[in-house]
Each structure stands twice: as C-alpha cells, then as structure tokens.
J.: 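Below you will find the structure I want to go over with you.
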Amino acid sequence: MTILDGKKVSNDIKNEIKAQVDKMIAKNEKVPHLAAVIVGNDGASLTYVGSKVRACERVGFESTMVRMSNTTSEIELLDKIEELNQNDDIDGFIIQLPLPPQINTQKVLMAVDPSKDVDGFHPENFGKMALDMSTFIPATPFGILELMERYGVETKGKHTVVIGRSHIVGRPMSILMGRKGFPGNSTVTLTHSHTKNITQITSQADIIISALGVPNFLKAEMVKDDVVIVDVGITRVPDDTTPKGYRITGDVDFENVSKKASYITPVPGGVGPMTIAMLLKNTLLAREQRM
Ligand code: NAP
C-alpha cells in the first residue's frame, strides 16, 4: 500500500511555484496577487483563508484578505467583487464559501470575472473544463488529478466511482476522470444520496473518490482488494483529548480500508494541502495570462 502524500507533493509544487516567482522577481516582473473575500466569522472558513494567505507568503505571492461582516448585503458583496474585477493589481480572487443566507451564492460566483476566477467556479470556466478547453480547473479536483499523476496511478480503462456530486468536487471530478487524457479515460459512476445499493457499486470500483462529508462512511467491506482511495472529506469531530476540542476526520475508515488499498490518501495530509497548492498554481496561471 502506498500513501498518496499530499503534504509532500504540495510542498514540491509550492517549491516549483516559488522558483517561478523568483524568476519573475529577477526580471522585475509583477508577482502574482491573490485576494480572498471572507464574509462572516465562521471558524473553519477563517482557518482555510488563513492557510491560503500563508501559502501565498510561502511562494512569494502578494495576498489580500478582504473581511466583510456577517450582515453584509448581497449588493455590498457584488460591489466588492466589481472592485476586485476592476483592480489591475489583483490577478485572481476567491470568495470563501459558505456565504450567509441573505446572499445568493450562485449570483455572487457569476459576478466574478472569469479571467480572475482562480477557483474555477464560474459557469464559463466550468463549461470550458467540461469541453476539455484550457481553463482554471477547480482546485480540489485539480489537486486530485495532480496527486494521481505524480504517483503514476493508472486511470485508463479503470472504473472510477465518485461519491458526492457537489459543484466544487464530485461533479467536476466525474467529468475530469472520464475525459480523454491522463489522468482520465476512466469509466465513471457518479453516486449521491439517492444512489441505491452503493456498496454493490463501490465494491466494483478500481478507484474511489469520496466527497460526501460523512466520517468513516467508506468501510473495508465496501471495497475490493487493490482499490485506489482518494478521501476528500473533512469533518470536524468533537474530541476533548485534543487542544482544539476536535479532530479532522475523512470519509474513509482509514485503518481498515488501507489494508486492502493499493494507494490511499490520509486525512489530514492528503487532498487538503493539494487544494491550496493548486489554487496557487491557478493564480500563477492567471498572472501569466495577464502578461
Ligand atoms: P456537499 O456539497 O456537502 O455535497 C455532499 C454530496 O455527498 C452530495 O452530492 C450528497 O448527495 C452526497 N451524499 C451525502 N450523503 C450521501 C450518502 N449517504 N451516500 C452517497 N452520497 C451522499 O459536498 P462538498 O462541498 O463536495 O464536500 C464534501 C466533503 O469534502 C466535505 O467533508 C468537505 O468538507 C470536504 N471538502 C474537502 C476539500 C479539500 O480540500 N480536501 C475541498 C472541498 C470539500 P445529494 O447531492 O443527493 O445531496
């Protein structure tokens, strides 16, 4: 069994990006600038945005965190997005989700200039991805592809089962695994909460990408020998024995499933760090496209 070590690979990617930024600095070029908008005080969202800002510093990017109160109106947020769209100094920006209930998330994501949409959530970019055109691929699926590519995980002709059909992970992942190319050329089954007999489906899978957010959902008896497991789930489970009072748990019963798997991502240290590395990669791409 091989661990798909997202922490290590994401560090390699950050070093590669840093080397490119150093070259930009040597040539007196502008370095990439990422902005992150966060609305409200959700603890997990603040942690994620904090990690993204630290990652920018690590590779030499400029970063800006835009904090807005929990009572921000939709129009105020749309005004801020327009300001970022127009700001020539910002190469790419993200709107940290979830947004408070008074704001229509879809309307907000549609307002982001597609050329600065480094999360790849705008329909224009999503459509390009689905048509195999060059674009910003959403960071989590992009990170999973990169991890599989760097470990040489064979995907051609394999049966990939994706659990979860969210717009940010499951749905794009299913499209990417089925497209022509590497990683890709898989036969894909996309499952969700209405899927019947899911064990029957997962137990036929060569590759399982689990993105549902239910701790320890995928058990050893649901998978076959030598399966490749990618665990996207991140759930905070209360745990009084830890300083923070919780621990991060994936969707997979790692202890038992890993005994049958050929490759498996740990949680934490698997897909999570890859997501941040690929957000940086998309931001570098955004800068290059604006040169
Ligand atoms: P989401 O929007 O919460 O959607 C969950 C999906 O799982 C839905 O499609 C839902 O089906 C499906 N589902 C729920 N219960 C199920 C069941 N019992 N059997 C089969 N499918 C079921 O998900 P998300 O935003 O993609 O997030 C999923 C998990 O990944 C969360 O833990 C999240 O924190 C984590 N995540 C991690 C990263 C990372 O960087 N590692 C990035 C993003 C998300 P329906 O469509 O029918 O409701």
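Ligands are counted one by one from 1 in listed order, and the atoms in each one are counted from 1 as well. As the structure is a prediction and not an experimental result, all values here were calculated from the model.
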J.: Is the number of heavy atoms from other residues, nucleotides or ligands under 6.0 Å of K30 NZ greater than 12?
T.: yes
J.: For atom 42 (C) of ligand 1, what's the nearest protein heavy atom and its distance?
T.: T140 OG1, 3.3 Å
J.: For a quick test of reading the model, state the closest non-hydrogen atom pair linking M148 to F182 and the distance between them.
T.: O-CZ, 4.5 Å
J.: Counting each atom of ligand 1 from 1 as listed, which ones have a heavy atom of T275 under 4.0 Å away?
T.: 39 (C), 40 (O)
J.: Determine yes or no for a side-chain-to-main-chain donor-acceptor pair under 3.5 angstrom, with D251 supplying the side chain and P215 the backbone.
T.: no
J.: G164 heavy atoms, cut-off 4.0 Å: which ligand 1 atoms fall inside?
T.: 6 (C), 7 (O), 9 (O), 12 (C)
J.: Which residue holds the protein heavy atom closest to atom 43 (C) of ligand 1, what is that atom called, and what is the gap in Å?
T.: V169 CG2, 3.7 Å
J.: Give the residue and atom name of whichever protein heavy atom lies nearest to atom 46 (O) of ligand 1, and the separation in Å to one decimal.
T.: R165 NE, 2.7 Å
J.: Among all protein heavy atoms, pick out the one at the shortest distance from atom 5 (C) of ligand 1; state its residue, atom name and that distance to 0.1 Å.
T.: L212 O, 3.8 Å
J.: Verify the contact flag for atom 32 (O) of ligand 1, where contact means a protein heavy atom under 4.0 Å away.
T.: yes
J.: Looking at non-hydrogen atoms alone, which of V232, I276, T235 comes nearest to atom 41 (N) of ligand 1?
T.: V232
J.: Distance under 4.0 Å to a non-hydrogen atom of G272: what atoms of ligand 1 satisfy this?
T.: 40 (O), 41 (N)
J.: In terms of residue, atom name and distance, what is the protein heavy atom nearest to atom 2 (O) of ligand 1?
T.: S166 CB, 3.4 Å
J.: Among all protein non-hydrogen atoms, which one is nearest to atom 29 (C) of ligand 1, and what is the separation to 0.1 Å?
T.: G213 N, 3.7 Å
J.: So does K52 have more than 12 non-hydrogen atoms from other groups sitting under 6.0 Å from NZ?
T.: yes
J.: For I13 and A277, work out which heavy atoms get closest and say how close.
T.: CG2-CB, 4.1 Å
J.: Heavy atoms only, cut-off 4.0 Å: how does D251 contact ligand 1, side chain, backbone, both, or neither?
T.: neither
J.: Is any side-chain heavy atom of Y246 less than 4.5 Å from a side-chain heavy atom of V237?
T.: no
J.: Looking only at heavy atoms, what is the nearest atom pair of E154 and K158, with distance?
T.: O-CG, 3.5 Å
J.: Are there more than 12 heavy atoms of other residues, nucleotides or ligands under 6.0 Å from atom NZ of K7?
T.: no
J.: For atom 20 (C) of ligand 1, what is the nearest protein heavy atom, given as residue, atom name and distance?
T.: H192 O, 3.2 Å
J.: May I ask you to identify the nearest protein heavy atom to atom 11 (O) of ligand 1, giving residue, atom name and distance to one decimal place in Å?
T.: S193 N, 3.2 Å
J.: So, does T195 sit close enough to ligand 1 that a heavy atom of it is under 4.0 Å from the ligand?
T.: no
